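Below is one structure, written out as structure tokens, with a few remarks after it.
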Protein chains: 2
Amino acid sequence: MTHRPSIKDIARVAGVSPSTVSRALAGSPRISEQTRQRIQTIAQELNYTPSLAARTLVTGASPMLGVIAPSLADPYVAAVMQGVEAASHDRGFQRLVASSQGDPEQEVAMMQLLVGHDVAGLIIISSRIPPEHGAGLPRFDIPVVFINAFHPGEGIYHVMTDNEHGGWLATTHLLERGHTRVAYLGGPQQGRSHTARLAGYRRALEEAGYAYQPSWVVPGDGTPQAGRKALRWWLRQPESQRPTAFFCYNDLSALGLLSEAYQQGVAIPEDLSVVGFDNAPLAEISIPPLTTVEQKARELGRQAVASLLAALASKPVTDVILRGELIPRATVAAPRVSVIRDQ
Amino acid sequence: MTHRPSIKDIARVAGVSPSTVSRALAGSPRISEQTRQRIQTIAQELNYTPSLAARTLVTGASPMLGVIAPSLADPYVAAVMQGVEAASHDRGFQRLVASSQGDPEQEVAMMQLLVGHDVAGLIIISSRIPPEHGAGLPRFDIPVVFINAFHPGEGIYHVMTDNEHGGWLATTHLLERGHTRVAYLGGPQQGRSHTARLAGYRRALEEAGYAYQPSWVVPGDGTPQAGRKALRWWLRQPESQRPTAFFCYNDLSALGLLSEAYQQGVAIPEDLSVVGFDNAPLAEISIPPLTTVEQKARELGRQAVASLLAALASKPVTDVILRGELIPRATVAAPRVSVIRDQ
DNA sequence: TTGAAAGCGCTAACAC
DNA sequence: GTGTTAGCGCTTTCAA
């Protein structure tokens, strides 16, 4: 296999200059229909593909967007990615994807790397860089959009789920069904989503007149294993003091909790009600189907691309906040024994 | 924001020539330790990042691998991607990821596109390009690795799961538990995986002395919805002729089947046994936990990268076939009524 | 040990 | 409507 054909090769065959080829292929109006045809045919025959590296070099902008996520295995990330994919594809951009394994240092390293690849902009999903670090973020001359993280700055934009509201929604739903002892299974500590959902949980509690109990916030990390552990924690509590419901950081950990409950003979929702977060595709097919708070993940991805491209076009961009609804399914019921308000 | 600093900027500040900077940064031995230090410091201060586009242009090879998958939402794809991610990251390669939405034409278009980006090689996950089309595949002068698809050719390599064996494993497991009426819920028709699993299913049946019944192969596409439909199909069969077990193309559709069974009051595994394929993370937390055939998805991804880089280094590369084991969990039991061998 | 010069493939003035 | 020229940021001869 000889080397990839370049416009020079086409020019030679067509007997024209390289710039004519460039123009013909770019669809410049100032070229005769005839030569355009001829050149396009030759390009086809030679199986020509333009070198985007060269084009990038001269135009200074490449049709690539950099995307960074803590993990590619998380269904939430996958959903966001689909939105990013769809929107960017429509606008003619490719995506350079990197995962940071949830490590803030890796994350910064990835940013550097992608910038080196001349990406036109950066989308960062669920950044784990601590907010304090904010000012220490490396400055690039390309726009950056954070999805569900907040690092204010020039050229930095945000697309977020209203996590506080979501947490409030989930907890209120439980409270309205008569639960007075609601626990929260947390997510990654560094994450802003976790903190916001926790805050919403707390607000709902307090608005309803219940004291916030730190001991009912069980630490987690958003994995099914965390859900399993949470259920075992629940079983260890004295029966009279057990929460009657769990609001979980995400569907994945809620699903883990469901699974462990099944194995331990705990009936859901009879013995324990559960609400998740995300409305992942799996939530619909879980057993029983999981009540959850919708997160418009695809929409987040789509919006992030929209914001990025708007910024690129020097249009004004404002941060956007998306609210999801509560999706009632089958993991919530009234508590078996209506406990007397004990606060 | 002024433009990204280039080696020229560094050279000017350091009072040396651009080539010296290039050498210093590349770690060439023919440079004084002193200047190297100085240049590196300046590079740091200027927040310099090399332009990979420029480097690609001159070296002719970029540190990017192109990856194409039908969908990014599929957990199996996500797992393969993790393997690809891990292996390529270790070797200093980034990944340019594109999804084809399962459309063969898009797939070819994506190949072209990624080649235009000067990727060093291509990894294609579960290609939907029909095998006959094989010879019509565009020829590139970069190595291509297909994961779970087969398109022989020069510079084309394969990493596959032994799907035939997996299908045989699942079916045999069911047969050994006393099932005589085993149905197969299929996957995407164009996919090679589907055909191979079906073939294994058929072989197991015939080896055990049962006739293969085309009417027991229910068409599907690997989604949970396909699983739901399959269960409803099952319910419509006259009770005396109903299969007592299902081997499903993948875990996702098996999970859908489980969910529908729960909603219709069909007890798993008492009324119906189910075996999936993939051993997705979700299989472990399903209710009941799903018996399935392991697919070493991460390993597939890892191997694909290894093969690609080996080919790139002009080392001999052979196709690799990975076998997974049957993971017995809780969705298989002996059939309720031991049906008399009726074939 | 360092510099000068050429060139990777392409686009974009600027000519004609 | 088409050709000429220069240059994007980098690496890599070839000289010194």
Side-chain angles (χ1 to χ4, degrees), chain A residues 2-40 42-43 46-64 112-113 115-120 141-142, chain B residues 2-40 42-43 46-64 112-113 115-120 141-142:
Chain A
T2 133
H3 209 48
R4 282 236 317 269
S6 74
I7 49 171
K8 269 193 197 162
D9 299 309
I10 301 180
R12 199 172 334 105
V13 175
V16 296
S17 78
S19 31
T20 303
V21 175
S22 173
R23 279 190 281 253
L25 262 23
S28 154
R30 317 189 308 165
I31 223 116
S32 79
E33 202 37 43
Q34 196 186 1
T35 32
R36 188 205 309 296
Q37 293 285 353
R38 196 157 48 88
I39 287 173
Q40 257 155 3
I42 297 177
L46 261 44
N47 195 17
Y48 168 78
T49 331
S51 158
L52 267 6
R55 188 176 290 171
T56 295
L57 200 55
V58 47
T59 62
S62 94
M64 292 196 290
Q112 295 276 7
L113 228 136
V115 168
H117 278 276
D118 291 293
V119 293
D141 55 348
I142 56 170
Chain B
T2 135
H3 209 46
R4 283 238 315 269
S6 75
I7 49 171
K8 268 193 198 162
D9 299 309
I10 300 180
R12 197 168 340 100
V13 175
V16 296
S17 80
S19 27
T20 303
V21 175
S22 174
R23 280 191 279 254
L25 262 22
S28 155
R30 318 189 308 164
I31 224 120
S32 79
E33 201 39 42
Q34 195 185 4
T35 31
R36 186 202 310 294
Q37 293 285 353
R38 197 156 50 88
I39 287 173
Q40 255 155 6
I42 297 176
L46 261 43
N47 194 20
Y48 168 79
T49 330
S51 159
L52 265 9
R55 187 174 292 170
T56 294
L57 200 54
V58 47
T59 61
S62 93
M64 291 197 290
Q112 295 277 8
L113 228 137
V115 168
H117 278 277
D118 292 291
V119 294
D141 53 347
I142 56 170

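Every chain is numbered from 1, with letters handed out A, B, ... down the list of sequences. Every value quoted in this text rests on a predicted model; they were computed, and no experiment measured them.
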message: If you assign each of Leu57(B) and Pro29(B) to its closest nucleotide in DNA chain C, which residue comes earlier from the 5' end?
response: Pro29(B)

message: At 4.0 Å (heavy atoms only), tell me whether Thr35(B) reaches a base, stays on the sugar-phosphate, or touches nothing.
response: sugar-phosphate

statement: Each nucleotide of nucleotides 11-16 of chain D classed B (base within 4.0 Å of a protein heavy atom), S (only sugar-phosphate) or -, in 5' to 3' order, makes BBB---

- request: Identify the two heavy atoms, one from Pro18(A) and one from Ala11(A), that lie closest to each other, and give their separation to 0.1 Å.
  value: N-CB, 3.7 Å

- prompt: Which pair of non-hydrogen atoms, one from Thr56(A) and one from Ala53(B), has the smallest distance, and what is that distance?
  reply: CG2-CB, 4.0 Å

query: Do side-chain atoms of Arg36(B) reach the backbone of Pro29(B) as a donor and acceptor pair under 3.5 angstrom?
result: no

task: Anything under 4.0 Å to a heavy atom of chain B counts; send over the first and last such nucleotide of DNA chain C, read 5' to 3'.
output: dT1(C) to dG9(C)

task: Could you tell me whether the side chain of Lys8(B) reaches within less than 4.5 Å of the side chain of Val21(B), counting heavy atoms only?
output: no

task: Would you kindly give the CD1-to-P distance between Ile39(A) and dG3(D), to the nearest whole Å?
output: 8 Å

field: Closest heavy-atom pair and its distance - Ala24(A), Ile31(A)
entry: N-CD1, 4.0 Å

Nearest atoms (heavy-atom pairs only) where Val16(A) meets Arg38(A): CG1-NH2, 4.1 Å

query: Just checking, any donor-acceptor pair under 3.5 angstrom between side chains of Ser22(A) and Ser19(A)?
result: no

- prompt: Would a distance-only check, ignoring hydrogens and angles, find a side-chain to backbone donor-acceptor pair under 3.5 Å from Ser62(A) to Asp118(A)?
  reply: yes

query: Rounding to a whole Å, what distance do you find between Asp118(B):CG and dG9(D):C1'?
result: 15 Å

